[in-house]
Novice: 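Quick one: this structure, given as structure tokens, is what I'll be asking you about.
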Amino acid sequence: QVQLVESGGGLVQAGGSLSVSCAVSGSFFSINTMAWYRQAPGRQREMVATITRGENINYADSVKGRFTTSRDNTKNTVYLQMNSLKAEDTAVYYCKANVVLRGPSVYTVAYWGQGTQVTVSS
């Protein structure tokens, strides 16, 4: 069974920094694209950043220049460094991993982490 376990997050003042990480564990062949999403109260979940296995990265316009994502394929872990945080960054942050499994054939399943709260006080 594949699991994504997030850590980090918390409470910070506006202008501060936080980091979150997400480790993938279990039995699988490989991990393709990993991503960070967030969901604020009353709003839809939105993409924050994506990173492919080859480390091609995309960011939401709202976080460009402030957030940095990276991954360590040897540790099956993805990271999100958040700087210059704003009150509007307050949300539950989720990681997502497209995990390649091998059974009778090779197929990909998207797994989600449990979410971690990031709160930015103004």
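Every value quoted in this text rests on a predicted model; they were computed, and no experiment measured them. Along the sequence shown, the residues carry numbers beginning at 1.
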Novice: Residues in side-chain hydrogen bond (donor to acceptor under 3.5 Å, both in side chains) with Glu88, at least two apart?
Specialist: none
Novice: State the CG-OG1 distance between Asn32 and Thr50, to the nearest 0.5 angstrom.
Specialist: 12.5 Å
Novice: Roughly how far, to the nearest 0.5 Å, is CG of Leu85 from CG of Leu18?
Specialist: 5.5 Å
Novice: Say you draw a straight line from CD of Gln81 to OG of Ser17; how long is it, rounded to the nearest 0.5 Å?
Specialist: 5.5 Å
Novice: Taking the side chain as everything from C-beta on, heavy atoms only, tell me whether Val2 gets closer than 4.5 Å to Val109.
Specialist: no
Novice: Please, which pairs that meet salt bridge (charged side-chain N to carboxylate O under 4.0 Å, His left out) have at least one residue in residues 71-82, sequence neighbours excluded?
Specialist: none
Novice: Roughly how far apart are Met34 CE and Asn73 CG, rounded to 0.5 Å?
Specialist: 8.0 Å
Novice: Hey, does Trp36 have a side-chain heavy atom less than 4.5 Å from the side chain of Val78?
Specialist: yes
Novice: Are Tyr79 and Val12 linked, directly or through intermediate hydrophobic residues, by side-chain heavy-atom contacts shorter than 4.5 Å (ILVMFWY only)?
Specialist: no
Novice: Can you measure from CZ (Phe67) to CG (Asp89) and round to the nearest 0.5 angstrom?
Specialist: 4.0 Å
Novice: Strictly by disulfide bond (SG atoms under 2.5 Å apart), give each pair with a member in residues 56-91 just once, sequence neighbours left out.
Specialist: none
Novice: So, using side-chain hydrogen bond (donor to acceptor under 3.5 Å, both in side chains) as the criterion, who are the partners of Gln3 when residues are at least two apart?
Specialist: none
Novice: Partners of Ser21 by side-chain hydrogen bond (donor to acceptor under 3.5 Å, both in side chains), sequence neighbours excluded?
Specialist: Ser7
Novice: Starting from the C-alpha separation in whole Å, work towards a yes-or-no answer on side chain to side chain contact (heavy atoms under 4.5 Å, CB included) for Tyr111 and Val24.
Specialist: CA-CA 9 Å; Tyr111 290 91; Val24 184; over 6 Å; no
Novice: Donor-acceptor pairs are to be reported for all side-chain atoms of residues 113-122 against protein atoms at under 3.5 Å, with residues two or more places apart or in another chain.
Specialist:
residue, atom, partner, partner atom, Å
Gln114, OE1, Glu6, N, 3.3
Gln114, NE2, Glu6, O, 3.3
Thr116, OG1, Gly8, O, 2.9
Gln117, NE2, Ala91, O, 3.4
Gln117, NE2, Thr119, OG1, 3.2

Novice: What side chain to side chain donor-acceptor pair (under 3.5 Å) pairs are there with at least one residue in residues 95-109, not counting sequence neighbours?
Specialist: none
Novice: Which other residues end up in the same hydrophobic cluster as Phe29, if Ile, Leu, Val, Met, Phe, Trp and Tyr are linked when side-chain heavy atoms come under 4.5 Å apart?
Specialist: Val100, Val106
Novice: For Met47, which fellow cluster members are found when Ile, Leu, Val, Met, Phe, Trp and Tyr are connected by side-chain heavy-atom distances below 4.5 angstrom, either directly or through intermediates?
Specialist: Tyr37, Val92, Tyr94, Trp112
Novice: Tell me which pairs pass disulfide bond (SG atoms under 2.5 Å apart) where either residue lies in residues 86-122, with sequence neighbours left out.
Specialist: Cys22-Cys95
Novice: Atom OG1 in Thr68, atom CG in Asn83: separation rounded to 0.5 Å?
Specialist: 6.5 Å
Novice: Give the table of side-chain donor-acceptor pairs shorter than 3.5 Å for residues 52-65, with sequence neighbours excluded, one pair per line with atom names and distance.
Specialist:
residue, atom, partner, partner atom, Å
Thr52, OG1, Gly54, N, 3.3
Thr52, OG1, Glu55, N, 3.2
Thr52, OG1, Asn56, N, 2.9
Arg53, NH1, Ile31, O, 3.4
Tyr59, OH, Thr69, N, 2.9
Asp61, OD1, Lys64, NZ, 3.1
Ser62, OG, Arg38, NH2, 3.4

Novice: For Arg45, give me all partners under salt bridge (Lys or Arg N to Asp or Glu O under 4.0 Å), at least two apart in sequence or on another chain.
Specialist: none
